[in-house]
There are 2 protein chains.
Amino acid sequence: MAIKERKEREKQEMRNLIIESATHLFLKQGYDKTSIRNIAEDIEYSPATIYLYFKDKDEIFYVIHENAFAILDQELRKHDVVADPFERLAAIGRTYIQFAFENPDYYDLMFIMRAPMQQIKNEEKWEALDCAFGYLLQTLTACFEEKKIRQADLHVTAIMVWSYVHGLVSLYVRERMCILMMPDDAVREVLYGSFDLFLANLKA
Amino acid sequence: MAIKERKEREKQEMRNLIIESATHLFLKQGYDKTSIRNIAEDIEYSPATIYLYFKDKDEIFYVIHENAFAILDQELRKHDVVADPFERLAAIGRTYIQFAFENPDYYDLMFIMRAPMQQIKNEEKWEALDCAFGYLLQTLTACFEEKKIRQADLHVTAIMVWSYVHGLVSLYVRERMCILMMPDDAVREVLYGSFDLFLANLKA
DNA sequence: GCATTTACTAAACACTGTTTACTATATTTA
DNA sequence: TAAATATAGTAAACAGTGTTTAGTAAATGC
């Protein structure tokens, strides 16, 4: 019965079509303005059809969130070639910040919005973040082994590094850096500079 | 004409009534579930009446946001009595983190949500945050003068400290700390521990 | 060829923020 | 004091939202 396989394929294609449209609208107009009716109109189907392929709006944005993590992960792991673990840590951090600057809506969805978290609660393991965070743990382990950074608990250090870069970019993404009263470019420079200072303080 | 004064007073009382109801509902059910109709029902007026006292929903939450800043500011400035500026910095940081743990919805409104920022864009100066951030700058200046922390640019250091504690608590508030796979109490301990490590790295 | 399953949709439900047109009361003016 | 005006408040509507239900038309299985 090749029909079943074709049907399965068609089902997946329809899911992809919805995700593609939703991603396009999301990156163009943001989460709130990306309504089920907008997506439906864009793909030329009725709104109810979308519910045959996704449980609810959050499930659509859960898939987009997963795709975004795949992109970030790919960017971060490019630095695998950097031999010195401290240099690698620095490169990873800068790439993380750059990713947030260049993809603020993706960053928002991955690390700030509540939307995709409903799904994750039912999954008992957040693989997408586990993967990226695992890479940080791995890099920090190498830093400790080679005594490149001050000795401390691995997980506490990892939380410290992640929280720090997240703090920088999330204040930027959610427009709290406006207190600096600087043009956007200058703010970004301060953030990169602040990260450099953080790294210097971390050094053994 | 004492009538005009009474009218002014009544207008302010009505605004207060709306803000009180909105704050109560917000802290009980969150932003999304606090609708204009809910507030109207709670204060026993029609929804349209609220628009005679506030431009829109965001303006209501802007006032709540200002009140929340007043509370945080009061908490932080309690540490004015701590003579040693580094000790004061540590106390301020811990109180900031504690505030976020104890008032996650307020914290969200102040530092994460987009709602109050629409108003702030029209104000050209964000006094509430300016006040709190000013206290941090003041404390850090004292730290530098007494050579308690590593020499660096004042603003870059301030952004570093603020971003760091914000990163910690915003990942917690928006439920990203779930990757630690720990009970809530243990997560909070890790966050406080991470802050201690950060301070140690900052020390001169 | 007929029964059944599948794919899809129009319309409705229960909400949301916000505006408009209208009423009843309070205040001011003649 | 009586008429004119200003103020306070509201019912109903507008334009949206996510989601569900009931019903149709086409594809598939027998």
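Proteins come first, then strands; the chains are lettered A, B, ... in the order of their sequence lines, and each starts at number 1.
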Sidechain N-carboxylate O distance under 4.0 Å for A:Arg94, A:Asp196: yes
Which letters describe nucleotides 16-27 of chain D, given B = protein heavy atom under 4.0 Å from base, S = only from sugar-phosphate, - = neither? -BBBBB------
Protein-nucleotides 22-25 of chain C N/O pairs closer than 3.5 Å?
none

Between C:dA10 (P) and A:Leu52 (CG): distance, integer Å: 13 Å
Quick one: side chains of residues 188-195 of chain B, donor-acceptor pairs under 3.5 Å with protein atoms, not counting sequence neighbours, listed by atom name and distance.
unit_1   : atom_1 : unit_2   : atom_2 : d
B:Arg188 : NE     : B:Tyr172 : OH     : 2.9
B:Arg188 : NH2    : B:Tyr172 : OH     : 3.1
B:Ser194 : OG     : B:Tyr164 : OH     : 2.3

Residue pairs passing the salt bridge (Lys or Arg N to Asp or Glu O under 4.0 Å) test with at least one member in residues 52-61 of chain A, sequence neighbours excluded, are none
Give the C-alpha distance, both sets of side-chain angles, the deciding distance and a yes or no for ring-ring contact (aromatic ring centres under 6.0 Å, His included) between A:Phe26 and A:Phe61. CA-CA 9 Å; A:Phe26 169 63; A:Phe61 281 86; 5.4 Å; yes
Pair B:Tyr53-B:Gln12, side-chain donor/acceptor within less than 3.5 Å: no
Please tabulate, for the side chains in residues 131-139 of chain B, all donor-acceptor contacts under 3.5 angstrom to protein atoms that are two or more places apart in sequence or on a different chain.
unit_1   : atom_1 : unit_2   : atom_2 : d
B:Tyr135 : OH     : B:Asp80  : N      : 3.4
B:Tyr135 : OH     : B:Asp80  : OD1    : 3.0
B:Thr139 : OG1    : B:Tyr135 : O      : 2.8

With the threshold set at under 4.0 Å for non-hydrogen atoms, list the residues of residues 14-31 of chain B touching DNA chain D in residue-number order. none
Under-4.0 Å side-chain N/O to phosphate OP1/OP2 contact, A:Tyr45 with C:dA7: no
Rounded to the nearest angstrom, tell me the gap between atom NZ in A:Lys11 and atom C1' in C:dT5. 12 Å
Does a salt bridge link B:Arg114 with A:Asp108, judged by any charged N lying under 4.0 Å from a carboxylate O? yes
Determine: side-chain N/O of A:Thr49 to OP1/OP2 of C:dT9, distance under 4.0 Å, yes or no. yes
Are the side chains of A:Lys148 and A:Asp84 in contact, using a 4.5 Å heavy-atom criterion? yes
Are the side chain of B:Arg176 and the backbone of B:Arg174 linked by a donor-acceptor contact shorter than 3.5 Å? yes
Does a side-chain heavy-atom distance below 4.5 Å link B:Trp126 with A:Cys178? yes
Nearest-angstrom distance from the residue atom CD of A:Glu10 to C1' of C:dT6: 11 Å
